[in-house]
Amino acid sequence: MFADIIENVRKTTPLVHNITNYVTVNDVANVLLACGGSPIMSDEPEDVEDITSICGGLNINIGTLNKNSIEGMFRAGKRANELGHVVLLDPVGAGASTLRTHTAIKLIDQIKFDVIRGNISEIKTLALGSGTTKGVDADVADAVTEETLDSAVRFVKAFAEKSGSIIAITGAIDLVADKDKCYVIRNGRPEMGKITGTGCQLSGMMTAFVVANKENPLEGAAAAVSTMGLAGEIAWDRMQEGDGNSTYRNRIIDAIYNMDGQTLEKGAKYEIR
Amino acid sequence: MFADIIENVRKTTPLVHNITNYVTVNDVANVLLACGGSPIMSDEPEDVEDITSICGGLNINIGTLNKNSIEGMFRAGKRANELGHVVLLDPVGAGASTLRTHTAIKLIDQIKFDVIRGNISEIKTLALGSGTTKGVDADVADAVTEETLDSAVRFVKAFAEKSGSIIAITGAIDLVADKDKCYVIRNGRPEMGKITGTGCQLSGMMTAFVVANKENPLEGAAAAVSTMGLAGEIAWDRMQEGDGNSTYRNRIIDAIYNMDGQTLEKGAKYEIR
Amino acid sequence: MFADIIENVRKTTPLVHNITNYVTVNDVANVLLACGGSPIMSDEPEDVEDITSICGGLNINIGTLNKNSIEGMFRAGKRANELGHVVLLDPVGAGASTLRTHTAIKLIDQIKFDVIRGNISEIKTLALGSGTTKGVDADVADAVTEETLDSAVRFVKAFAEKSGSIIAITGAIDLVADKDKCYVIRNGRPEMGKITGTGCQLSGMMTAFVVANKENPLEGAAAAVSTMGLAGEIAWDRMQEGDGNSTYRNRIIDAIYNMDGQTLEKGAKYEIR
């Protein structure tokens with residue numbers, strides 16, 4: 001099934017509007033091109049509504065938010081909602097600062113997100129903090145491991161139900177869930193954590209995958225996670241002596257560029273709970 | 001002749017002030033260094049006049065414009081004009097949003113650009129929209145192909161005459177024209193479109209080429225287009241199995257770094273109309 | 001001794017808050033990860049105090065300053081001082097514009113910097129301009145060479161004493177000094193100047209090195225300079241025909257990723273004056 005999902009991206013070239021941080025934005029753009037999508041970046045409030053209107057999806061990442069871009073996030077998000085576009089939130093650093101936590105929660109309150117993708121700590125912050133998700137038991141461990149998996153799956157499904165969004169928690173084991181179904185994905189390598197922005201890249205790519213697979217958004221989001229992780233595995237196999245995290249970054253994007261449906265289908269490691 | 005042009009860049013190390021988008025800015029800086037120029041970036045209105053004063057050229061790219069940087073563009077552009085510096089406009093996304101279209105047109109109205117470089121759609125937007133270019137027939141196809149070449153050449157010359165700028169339209173076939181003469185350039189590869197920012201990189205490099213060849217600005221601009229395209233060809237020949245768009249990006253910049261006059265002269269594919 | 005210093009970074013994973021320019025920020029983040037640190041970026045005034053509070057060090061780089069981020073620099077710097085965190089200043093372009101010069105001097109006046117790192121021209125601007133450093137003889141040559149070394153060492157020690165900061169001047173020969181002791185470092189290659197942002201990368205890495213070696217800040221700063229230069233030498237040895245500055249950039253970061261204490265100890269070239 002993941003084979004069709006990535007092929008749909010390559011066939012339809014989904015245009016994704018990104019309001020994202022300036023740290024990893026270049027890699028986000030190149031990953032979107034690598035997977036078959038097309039990126040546009042714009043964060044100026046007076047520009048974002050026009051730009052998002054010509055796209056199919058919107059990727060909001062608060063990694064280097066500022067007052068001006070925050071206004072852009074709300075205006076773009078509302079317009080994208082009106083147009084029925086796919087909207088994704090990457091709440092980078094929620095829990096690490098009041099501004100980030102409040103902004104992420106306010107975004108969730110005012111904008112309907114198809115997908116929210118973050119690490120366990122960011123997602124727990126949102127689950128605890130948001131009015132709309134009051135009552136979700138976020139008393140779950142701070143890392144998703146084989147030992148904590150059962151409770152993490154319960155948590156992610158519960159938050160998906162309360163929020164009405166697909167929730168993706170990425171880490172050593174990745175979870176992608178709606179209220180009924182959770183993909184538990186075991187692709188990837190720990191060395192990916194030594195590259196800045198693999199999470200941001202995934203959020204951009206995931207938006208394109210969901211846009212191109214609107215009838216199967218959960219599978220679209222899960223396939224994006226598997227694609228990123230598998231690219232990390234393929235890229236690692238190509239590493240040579242003396243190579244490090246900078247070359248690894250390039251090779252991961254290269255591996256996404258070369259990923260076809262069959263490779264993904266064969267390499268994806270997941271179970272459904 | 002292109003040999004002398006690139007050698008002039010390497011001999012004189014033109015300093016280029018860039019007000020450019022945060023997506024591709026790192027690549028723009030590295031391409032400028034690769035071709036023999038030197039980059040400075042600054043977009044704060046209170047900083048740009050001083051910075052542009054110590055440079056030889058100014059590259060304005062509206063790819064991620066915001067209210068603050070727009071003010072910086074006007075202030076830098078006016079100062080650069082007063083000083084007789086080379087000024088280039090890359091109207092990224094003109095036609096895609098009202099803010100981008102209006103900003104690009106207002107820039108053309110208030111600032112004298114030596115060169116305007118964009119894709120056919122952006123350039124058509126400017127030709128139609130600008131008061132100074134009223135009357136230019138922009139009823140030309142949306143892609144420059146062998147079939148549409150004649151009318152595209154007429155259009156680009158007409159817009160060059162009306163605007164008083166050298167106009168560069170890049171795509172599968174590239175056109176670089178003043179009112180009398182049009183370089184039709186056939187370097188490059190379609191895979192360059194899978195890398196973010198090759199256009200932005202070209203605009204930065206083109207500014208350096210024109211600064212270093214002020215008596216031959218048309219040839220300077222055309223040589224920059226040829227250099228970029230030829231670098232794309234050379235880089236493609238170095239691609240190995242498993243490589244993708246990220247490695248291709250690095251190799252294109254590497255190829256510019258290694259480009260000498262003789263290689264450019266031999267590899268440039270163009271005719272003059 | 002440098003061996004222990006880099007091993008301390010890898011053992012303690014210092015978290016560094018960076019307010020840095022959008023040109024080279026991605027490379028700064030990847031270098032911080034490569035050396036064993038961890039990067040966070042934030043420049044919004046309402047965000048920076050929270051973010052800097054959870055970090056061990058703060059790296060302020062004025063390369064693409066704007067009114068908003070300048071306010072962020074002051075707020076973050078003051079909070080970091082209150083918390084006793086390591087704070088570093090990279091005064092990019094001081095001397096090239098009034099805004100940059102004034103901002104850098106005002107930062108030095110209001111914030112206690114553990115380290116100031118720049119090129120000779122930037123450091124001379126600060127030494128001449130700052131009230132706190134009045135009287136320092138900045139009548140020193142514009143490049144540190146074997147011929148000008150004696151006077152440069154006297155200058156850097158004098159400025160270190162007046163400012164109360166460790167001063168790092170990088171160039172063909174690098175100087176890292178407090179009032180009593182100056183490391184004269186001869187690692188590196190001239191080709192590193194053809195890559196954008198090796199100085200910014202060094203400032204980020206140096207912050208991590210000093211955080212992880214708080215009892216030996218001078219040695220921490222000197223070891224960071226040696227690490228960067230040695231990585232440039234190792235990376236150069238791995239260059240192949242056709243490679244250029246983009247690949248060189250990747251290989252330098254890779255070399256930092258692979259640098260161990262023994263390699264650094266053996267490759268570091270310095271004397272103490």
Side-chain angles (χ1 to χ4, degrees), chain B residues 13 15 17-55 64 66-69 71-72 201 204 231 234-235 237-239 246-259, chain C residues 20-31 41 43 61-73 92-104 121 125 190-201 239-254:
Chain B
T13 317
L15 192 53
H17 175 198
N18 301 274
I19 302 181
T20 189
N21 67 76
Y22 57 77
V23 184
T24 63
V25 60
N26 185 268
D27 292 330
V28 171
N30 275 326
V31 162
L32 270 163
L33 288 163
C35 77
S38 187
I40 302 184
M41 277 65 179
S42 167
D43 59 19
E44 162 58 40
E46 292 185 19
D47 195 49
V48 293
E49 290 165 321
D50 281 356
I51 294 296
T52 221
S53 298
I54 58 169
C55 293
T64 52
N66 61 51
K67 281 184 279 287
N68 201 53
S69 65
E71 189 190 337
Q201 293 172 36
I234 293 169
D237 287 342
R238 296 188 67 223
M239 294 285 276
S246 192
T247 291
Y248 192 32
R249 179 259 308 266
N250 291 315
R251 291 199 167 148
I252 291 174
I253 299 176
D254 286 354
I256 293 168
Y257 183 88
N258 288 302
M259 185 82 65
Chain C
T20 188
N21 66 75
Y22 57 77
V23 184
T24 64
V25 60
N26 185 267
D27 293 330
V28 171
N30 275 326
V31 163
M41 276 65 179
D43 59 18
N61 174 307
I62 66 169
T64 53
L65 78 186
N66 61 51
K67 282 184 279 287
N68 201 52
S69 66
I70 291 171
E71 189 190 338
M73 292 170 195
V92 181
S97 79
T98 302
L99 181 66
R100 287 164 192 254
T101 304
H102 284 185
T103 300
S121 158
T125 298
E191 294 85 357
M192 296 173 79
K194 300 293 275 186
I195 302 168
T196 191
T198 49
C200 308
Q201 293 172 36
M239 295 285 277
Q240 296 175 357
E241 191 169 338
D243 288 348
N245 60 335
S246 192
T247 291
Y248 191 32
R249 179 259 308 265
N250 292 315
R251 291 201 166 149
I252 290 173
I253 300 176
D254 287 354

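Values below: all heavy atoms of this structure, side chains included; hydrogens, waters and symmetry mates excluded. Letters go in sequence order (proteins before strands), and every chain restarts at 1.
When heavy atoms are compared at a cutoff of 4.5 Å, Asn68(B) approaches chain C solely by way of its side chain, counted from C-beta outward. Of the atoms belonging to Asn250(B), heavy atoms from both backbone and side chain fall under 4.5 Å from chain C. Looking at Asp27(C), only its side chain comes within 4.5 Å of chain B, counting heavy atoms on both sides. The contact between Leu65(C) and chain B is made by backbone and side chain atoms together, counting heavy-atom distances below 4.5 Å. Within the 4.5 angstrom heavy-atom criterion, no atom of Asn21(C) approaches chain B. For Thr20(B), the part lying near chain C is the backbone, with the side chain staying farther off; criterion is any non-hydrogen pair under 4.5 Å.
Here Ile253(B) is the residue among Ile253(B), Val31(B), Val28(B), Ile234(B) with the most heavy-atom pairs under 4.5 Å with chain C. For the options Thr64(C), Val23(C), Asn66(C), Val92(C), heavy-atom pairs under 4.5 Å to chain B are most numerous at Val23(C).
Within the 3.5 Å criterion, the main-chain N or O of Gly244(C) finds no donor-acceptor partner in the side chain of Thr247(C).
Between the CD atom of Glu191(C) and the OG1 atom of Thr198(C) there is a distance of 12.0 Å, given to the nearest 0.5 Å. Atoms CG and OG, from Asp254(B) and Ser246(C) in turn, are 5.5 Å apart once rounded to the nearest 0.5 Å. Note that the CG atom of Asn245(C) and the CE atom of Met239(C) stand 8.0 Å from one another [nearest 0.5 Å]. Between atom OG1 of residue Thr103(C) and atom CD of residue Glu44(B) there is a gap of 9.0 Å, rounded to the nearest 0.5 Å. The CG atom of Asn26(C) lies 14.0 Å from the OH atom of Tyr22(B); values are rounded to the nearest 0.5 Å.
Evaluation of the ring-ring contact (aromatic ring centres under 6.0 Å, His included) rule for Tyr248(C) yields Trp236(C) as partners, not counting sequence neighbours.
Side-chain contact of Thr98(C) with Asp50(B): a donor-acceptor pair under 3.5 Å is present, judged by distance alone.
Partner of Ser42(B) under the side chain to side chain donor-acceptor pair (under 3.5 Å) criterion, out of Thr52(B), Asp47(B), Asn18(B): Asp47(B) alone.
Contacts from residues 32-40 of chain B to chain C, taken as heavy-atom pairs separated by less than 4.5 Å, involve Leu33(B), Ala34(B), Gly36(B) in sequence order.
Between Arg251(B) and Asp237(B) there is no salt bridge, since no side-chain N of the basic residue sits under 4.0 Å from a carboxylate O of the acidic one.
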